[in-house]
Amino acid sequence: MSPVATRVGLIERYRERLPFADGDPVISLGEGSTPLVHAPALSERVGAEVWLKLEGLNPTGSFKDRGMTCAVSAAVREGAKAVICASTGNTSASAAAYAARAGIRCAVLVPDGKIATGKLAQALMHGARVIVLRGNFDEALKLVRELADRHPISLVNSVNRFRLEGQKTASFEIVEALGEERPLDALCIPVGNAGNITAYWKGFRELGVAPRMFGFQAAGAAPLVEGAPVAHPETVASAIRIGNPARWEEAMDAMTSSQGAVRAVTDAQILDAYRFLAAREGVFCEPASAASVAGLMVHGAGDAERVACVLTGHGLKDPSTALDQAGAVVPCEPELAAVEEAVLG
Ligand code: F0G
């Protein structure tokens with residue numbers, strides 16, 4: 001029996017819209033084709049028809065895999081023997097996994113103490129060299145850019161154009177899933193380094209559609225909202241703890257030309273949305289992802305009737321924040337009466 005992939009990767013699915021020819025090397029883990037699920041409780045709460053794009057169901061648990069299959073495949077095509085990135089966690093997990101699969105080396109620079117446990121475990125398990133920088137993401141990105149200029153190492157942050165090419169396919173999937181009769185009016189998406197919103201907008205434009213793009217940043221790390229870099233970004237949503245996004249102009253262009261907006265949400269609002277999604281929709285995303293839903297709940301999405309929120313990463317990435325936010329366990333003796341009391345009491 002010949003091997004059969006049950007889920008084709010996105011290069012294979014969308015090859016005609018991607019810069020890959022037949023016969024090019026493809027490093028894939030079956031990424032993309034993630035569910036778009038209706039969110040009844042959220043829809044009722046905000047008075048619009050809301051859909052959730054579950055990007056946490058990608059192979060390493062975040063949307064980064066869409067970009068990474070393209071970035072690492074292109075790196076292999078160019079003969080690269082190593083990849084590098086700066087990361088708040090998810091990019092490093094994804095780069096490490098795809099590099100492992102490609103049989104090339106991977107180094108990642110992450111900010112000290114500010115990356116979620118699951119992401120760190122992933123990068124280490126996949127055999128990346130994990131460098132913990134006494135500095136923040138913005139400093140790490142500046143350093144890896146310089147390093148990649150000086151050495152033959154392929155930079156796989158979203159400054160790499162192949163990353164955006166891969167990530168734009170999420171727009172294709174949303175448009176395909178919703179059909180042409182009632183297209184999407186608005187997209188709500190968290191913004192950190194601003195690559196993903198840029199990629200979604202590119203994808204929509206390539207299909208000739210233009211939903212309003214609403215980008216949401218954490219209030220303590222909201223340079224696009226403030227119109228100036230933030231020197232010391234702070235937020236519970238560690239994935240978007242970024243003060244000087246690399247794709248600043250392109251992201252602003254996406255929001256202005258689509259008549260959307262960029263707005264801030266506080267950590268308390270992010271955590272409210274995070275708990276709401278888990279408790280009411282059965283969807284466990286990471287805090288940064290919940291910024292899209294927090295933004296929709298707090299600021300709305302204009303007069304949009306049909307809205308999609310991008311849930312960028314899985315909740316299991318960050319067990320510590322989850323345990324901080326969740327209810328307590330119920331200790332119990334191993335006796336029926338005690339269990340009865342514990343269950344029913
Ligand atoms: N949501 C999650 C879960 C992320 O990990 C990121 C970015 C974003 C949203 C924001 O996307 O940067 O394209 O605007 N994480 C990067 C990383 C920075 O290193 O994993 P963006």
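We number each residue from 1, following the sequence as shown. Start at 1 and go down the list; that is how both ligands and their atoms are numbered.
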> Is it true that Arg45 and Glu281 have a side-chain N and a carboxylate O under 4.0 angstrom from each other?
Replying inline: no

> Where is the nearest protein heavy atom to atom 13 (O) of ligand 1: which residue, which atom, and how far?
Replying inline: Asn196 N, 2.8 Å

>> So that I can tick it off, tell me whether Lys64 and Glu31 are bridged by a salt bridge, with the cut-off set at under 4.0 angstrom between side-chain N and carboxylate O.
In response: no

>> Polar contacts were defined as any N/O atom of the residue lying under 3.5 Å from an N/O atom of the ligand; does this apply to Lys64 and ligand 1?
In response: yes

>> Only heavy atoms of Ile242, strictly under 4.0 Å: list the atoms of ligand 1 that pass.
In response: 18 (C)

> Backbone, side chain, both or neither: what part of Ser87 comes under 4.0 angstrom of ligand 1, heavy atoms only?
Replying inline: both

>> Give me the residue, atom name and distance of the protein heavy atom closest to atom 18 (C) of ligand 1.
In response: Thr88 OG1, 3.4 Å

> According to the interplanar angle, ranging from 0 to 90°, do the rings of Tyr200 and Phe204 count as parallel (below 30°), tilted (30 to 60°) or perpendicular (above 60°)?
Replying inline: tilted

> Is ligand 1 under 4.0 Å from a heavy atom in the side chain of Ile240, in the backbone, in both, or in neither?
Replying inline: side chain

> Has ligand 1 got any nitrogen or oxygen that is less than 3.5 angstrom from a nitrogen or oxygen of Glu286?
Replying inline: no

> Starting from atom 4 (C) of ligand 1, which protein heavy atom do you reach first, and at what distance in Å?
Replying inline: Ala239 CB, 3.5 Å

> Does at least one non-hydrogen atom of Ala194 fall below 4.0 angstrom from an atom of ligand 1?
Replying inline: yes

> Taking 4.0 angstrom as the limit, do Arg212 and Asp303 come out as a salt bridge?
Replying inline: yes

> Got an N/O contact under 3.5 Å between Ala288 and ligand 1?
Replying inline: no

>> Check for me, please, whether Val156 and Ile153 land in the same ILVMFWY cluster - side-chain distances under 4.5 Å, paths through other members count.
In response: no

>> So which atom in Ala301 and which in Val307 form the shortest heavy-atom distance, rounded to 0.1 Å?
In response: CB-CG2, 4.3 Å

> Can you tell me how far the CG atom of Asn160 sits from the CD atom of Glu165, to the nearest 0.5 Å?
Replying inline: 10.0 Å

> Is it the side chain (CB and beyond), the backbone, both or neither of Lys119 that lies under 4.0 Å from ligand 1, heavy atoms counted?
Replying inline: neither

>> One residue to check: Lys317. Relative to ligand 1, which of side chain, backbone, both or neither has a non-hydrogen atom less than 4.0 Å away?
In response: neither

> Which residue and non-hydrogen atom of the protein lie closest to atom 12 (O) of ligand 1, and at what distance in Å?
Replying inline: Asn193 N, 2.7 Å

>> Tell me the protein heavy atom at minimum distance from atom 11 (O) of ligand 1, and give that distance in Å.
In response: Phe63 CZ, 3.5 Å

> Can you check whether Ser158 has an N/O within less than 3.5 Å of an N/O in ligand 1?
Replying inline: no

> Hey, is Arg182 close enough to Glu49 for a salt bridge, meaning N to O under 4.0 Å?
Replying inline: yes

> For ligand 1, does Ile197 get within less than 4.0 Å through its side chain, its backbone, both, or neither, judged by non-hydrogen atoms?
Replying inline: neither

> Thr91 heavy atoms, cut-off 4.0 Å: which ligand 1 atoms fall inside?
Replying inline: 16 (C), 17 (C), 19 (O), 20 (O)

> Which residue owns the protein heavy atom closest to atom 5 (O) of ligand 1, what's the atom, and how far is it?
Replying inline: Asn90 ND2, 2.8 Å

> How long is the gap from CG on Asn157 to CZ on Phe137, to the nearest 0.5 Å?
Replying inline: 5.5 Å

>> Please determine whether a side-chain nitrogen of the Lys or Arg among Glu44 and Arg280 lies less than 4.0 Å from a carboxylate oxygen of the Asp or Glu.
In response: no

> Taking the inter-plane angle between the rings of Phe20 and Phe162 on a 0 to 90° scale, is it parallel (under 30°), tilted (30 to 60°) or perpendicular (over 60°)?
Replying inline: tilted

> Any N or O of Thr312 that comes nearer than 3.5 Å to an N or O of ligand 1?
Replying inline: yes

